Amino acid sequence: MNRGSARPVAAPGGGLAGARHVAIIMDGNGRWAKARHLPRVAGHRQGMEAVRRTIRAAGELGIEALTLYAFSSENWRRPADEISDLMGLLRLYLQREIDELDRNGVRLRLIGDYGKFAPDLVAQLEAACARTAGNTGLTVALALNYGGQDELVRVARQLAEAARAGSLDPADIDVDLFDECLDTAGLPPLDLMIRTSGESRLSNFLLWQAAYAELLFTDTLWPDFDRAALEGALADFGRRERRFGGR
Ligand code: FPP
């Protein structure tokens, strides 16, 4: 891997307003459903449609990487039937969308400890990644059983084990090496983190990667998110002055 690739670069890259890597905390499915007196799963279903729209728009707008918080390591605390609904939607999404994703040159990646999911779903996810691995368009990273603290703990453990085995000098641990050990290794630096539904928290998403990201909180509920909302977010990003700690 290019050891310098994770360093923030102020010059604009691809995308409408220079955002190369956008991450989204897709929040508000439940409130969208509640406002319509529908079951929560209806909100998640519409959330899946918003995922389709947003991936298509992101590819068309020239974004290089889109990371979506699809299931957090804390989401296991939800009722079993809701977890099962979310897993079912993920299966359905992959079945329905893989052909179009592949046709559009999307490369699918996974971040998080997704190996804890059901074996058939893990196999389906890995098959989708393998099928699209050679594509050169938008990279879509699905965060599944992902938690930023968990990711950092896994990196620390990996480095500590290498040091104990004698293959790593602790003095050689630096930001670049850490970057290479993260689930997001090889993706462009995170430029923009969007959270929908009016909450202003990171909720354990991409804690390391968000160090210099611009944060954008919108009241739009995730099921209502669309191309215009993404364009608006990119336009907002384009107006921000990024200094990366400089003046
Ligand atoms: C938050 O809404 C959203 C999630 C817990 C997960 C996101 C899931 C999807 C967008 C559906 C399917 C995804 C894929 C990739 C096929 P919430 O339930 O926390 O909403 P609330 O805060 O209004 O209750």
Side-chain angles (χ1 to χ4, degrees), residues 22-59 65-102 104 106-114 116-118 120-122 124-129 132 138-148 150 183 193-206 217-227 229-230 233:
V22 176
I24 309 184
I25 301 176
M26 308 182 289
D27 197 10
N29 296 350
R31 275 161 287 169
W32 185 94
K34 194 172 177 196
R36 289 161 180 77
H37 308 287
L38 294 169
R40 290 179 65 81
V41 66
H44 293 317
R45 250 184 245 125
Q46 286 307 308
M48 182 173 88
E49 293 306 316
V51 167
R52 289 188 58 213
R53 285 195 296 272
T54 305
I55 289 177
R56 186 174 310 162
L66 178 69
T67 301
L68 299 174
Y69 209 3
F71 193 90
S72 78
S73 47
E74 286 72 39
N75 283 155
W76 296 110
R77 295 189 199 134
R78 296 199 175 202
D81 58 346
E82 184 173 355
I83 293 174
S84 150
D85 287 340
L86 285 167
M87 299 294 158
L89 281 176
L90 193 53
R91 285 187 176 89
L92 184 67
Y93 176 79
L94 292 170
Q95 266 162 31
R96 270 205 207 152
E97 299 301 320
I98 188 65
D99 287 345
E100 190 185 324
L101 291 171
D102 196 20
N104 291 340
V106 169
R107 180 170 42 183
L108 206 61
R109 251 184 87 155
L110 307 172
I111 66 168
D113 200 5
Y114 68 90
K116 302 265 161 56
F117 284 5
D120 70 300
L121 181 53
V122 171
Q124 197 185 357
L125 286 161
E126 288 179 344
C129 291
T132 60
L138 172 71
T139 297
V140 172
L142 289 182
L144 295 170
N145 192 23
Y146 176 88
D150 176 66
D183 295 350
M193 165 97 77
I194 301 170
R195 182 173 188 146
T196 58
S197 91
E199 312 283 351
S200 310
R201 291 187 291 277
L202 292 187
S203 294
N204 205 11
F205 193 38
L206 301 177
F217 302 104
T218 168
D219 288 338
T220 304
L221 301 176
W222 176 250
D224 293 325
F225 200 86
D226 58 9
R227 183 190 175 106
L230 181 62

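Both counts, for ligands and for their atoms, begin at 1 and track the order of listing. Just so it is clear, the structure is predicted and the values come from calculations on it, not from any experiment.
The shortest N/O to N/O separation between Y93 and ligand 1 does not fall below 3.5 Å. For N75, no nitrogen or oxygen atom sits less than 3.5 Å from a nitrogen or oxygen atom of ligand 1, counting backbone and side chain alike. Considering both main-chain and side-chain atoms, D27 comes within under 3.5 Å of ligand 1 through a nitrogen or oxygen pair. Not a single N or O atom of L89, backbone or side chain, sits closer than 3.5 Å to an N or O atom of ligand 1. Checking only distances, W222 never comes within under 3.5 Å of ligand 1, N or O to N or O.
Comparing heavy-atom distances from atom 13 (C) of ligand 1 across L221, V51, L94, I55 singles out V51 as nearest. With distances taken over non-hydrogen atoms, the option nearest atom 4 (C) of ligand 1 out of R31, R45, M26 is M26. Nearest to atom 9 (C) of ligand 1 by heavy atom, out of L92, N29, T196, I83, is N29.
Residue R78 approaches ligand 1 through these ligand atoms, each under 4.0 Å from one of its heavy atoms: 5 (C), 17 (P), 18 (O), 19 (O). Shown in contact with R40 at under 4.0 Å from a heavy atom are these atoms of ligand 1, numbered in order with element: 17 (P), 18 (O), 24 (O). Residue-ligand proximity, G30 to ligand 1, at heavy-atom distances under 4.0 Å covers atoms 17 (P), 18 (O), 20 (O), 21 (P), 23 (O), 24 (O).
To the nearest 0.5 angstrom, D183 atom CG is 8.0 Å from D150 atom CG. Of the inter-residue distances, the one linking R53 atom CZ with R227 atom CZ reads 12.5 Å to the nearest 0.5 angstrom.
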Inset, instruction - Dump the intermediate steps for side-chain contact (heavy atoms from CB on, under 4.5 Å) on L144 and F71, then the final yes or no. - result: CA-CA 5 Å; L144 295 170; F71 193 90; 4.2 Å; yes

Inset, instruction - Assess whether side chain to side chain donor-acceptor pair (under 3.5 Å) is satisfied between R107 and T132, documenting all intermediate values. - result: CA-CA 5 Å; R107 180 170 42 183; T132 60; over 6 Å; no

Inset, instruction - Starting from the C-alpha separation in whole Å, work towards a yes-or-no answer on side-chain contact (heavy atoms from CB on, under 4.5 Å) for S72 and N204. - result: CA-CA 8 Å; S72 78; N204 205 11; over 6 Å; no

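Of all the heavy atoms in R201 and F217, the pair that sits closest is N-CE2, 3.7 Å. Between Y146 and A143, the shortest heavy-atom distance links the atoms CB-CB, 3.7 Å. When all heavy atoms are compared, the tightest approach of N145 to W76 is OD1-NE1, 2.8 Å.
Atom 11 (C) of ligand 1 has H44 O, 3.5 Å as its closest protein atom, hydrogens excluded (heavy atom only).
Distances from ligand 1 to the non-hydrogen atoms of K34 include no value under 4.0 Å. Contact between E199 and ligand 1 is absent, with no heavy atom of the residue lying under 4.0 Å from the ligand. The shell of residues lying under 4.0 angstrom from ligand 1, judged by heavy atoms, includes A70.
For A128, the side chain to side chain contact (heavy atoms under 4.5 Å, CB included) test picks out L94, I98, L108, with sequence neighbours left out.
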Would you mind writing out the side-chain donor-acceptor pairs for residues 41-49 within the sub-3.5 Å range, not counting sequence neighbours?
from, atom 1, to, atom 2, distance (Å)
H44, ND1, N29, ND2, 3.0
H44, NE2, E82, OE2, 2.7
E49, OE1, R52, NH1, 3.2

